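Comments concern the structure below.
Numbered from 1 within each chain, the chains take letters A, B, ... in sequence-line order. Since the model is a prediction, treat every value here as computed from it, not as a measurement. What you see below is based on every heavy atom in this structure, not just the backbone, and it leaves out hydrogens, waters and symmetry mates.
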Amino acid sequence: GAVVSQHPSWVICKSGTSVKIECRSLDFQATTMFWYRQFPKQSLMLMATSNEGSKATYEQGVEKDKFLINHASLTLSTLTVTSAHPEDSSFYICSARDPHGTYEQYFGPGTRLTVT
Amino acid sequence: AQSVTQLDSQVPVFEEAPVELRCNYSSSVSVYLFWYVQYPNQGLQLLLKYLSGSTLVKGINGFEAEFNKSQTSFHLRKPSVHISDTAEYFCAVTKETSGSRLTFGEGTQLTVNP
């Protein structure tokens, strides 16, 4: 149980275009999901907390107009990188909070974004 | 605010040797601690967690960790490593009032050599 999927697993897009990444909880309902960014050989940086039915809470320094987060259902959160630039190239990972309140997060497999 | 320090960025060991990956945290309140493993180009997998109770926590793949409140540490250990344990290991902490937001350490690359 507690499986989180991400789609796509990798994507290449041209500079100036937008790309959407989906994060799904497959066998449980996730009222809270998290989006992380990870650069090569570095740790995970929390970008935002996504709550179902409400606006996402962004971490300091993260541009909310550039990284649009939508959590429209209890099993799906999406991250849209708008007007992507090469510096947005990164590994994006989502996670879902354990619905049973153990403070654990279940992580998706990640999405590798390359902007050319 | 809480923070996590992983004292070693890289730990090379030989197969079947014991290993310890060190993690220290700082927080003024009670915390919950986790160790995650990440294989190349993959997400994170939970190895073990400390929420309360026994300070010695056993996880998957033969790993264990000990919560030491006085030393604010949560070191990860394995008595005998395998080649397949080669991966990046992250220590993470959260607290009751943080809405399960995790703070991660910088990671430790464990490389097991034959």
Which atoms of [X] come close to chain A, meaning under 4.5 Å heavy atom to heavy atom: side chain ones, backbone ones, both, or neither?
X       : result
L51(B)  : side chain
L46(B)  : side chain
F104(B) : both
Q38(B)  : side chain

F34(B) CZ to Q105(A) CD distance, which is reported to the nearest 0.5 Å
8.0 Å
At a 4.5 Å cut-off on heavy atoms, which part of [X] comes close to chain B: side chain, backbone, both, or neither?
X       : answer
Y103(A) : both
Q6(A)   : neither
Q42(A)  : backbone

Should K41(A) and E88(B) count as an ion pair when the cut-off is N to O under 4.0 Å?
no
Hey, quick one: are V37(B) and V11(B) part of the same hydrophobic cluster, counting side-chain heavy atoms closer than 4.5 Å, chains of contacts allowed?
yes
Hydrophobic cluster identity match, F34(A) and L102(B), side-chain contacts under 4.5 Å
yes
Do the side chain of S43(A) and the main chain of G105(B) share a donor and acceptor less than 3.5 angstrom apart?
yes
What are the two closest heavy atoms between F107(A) and L44(B), and how far apart are they?
CB-O, 3.4 Å
What residue among T32(A), T49(A), T57(A) forms side-chain contact (heavy atoms from CB on, under 4.5 Å) with R101(B)?
T49(A)
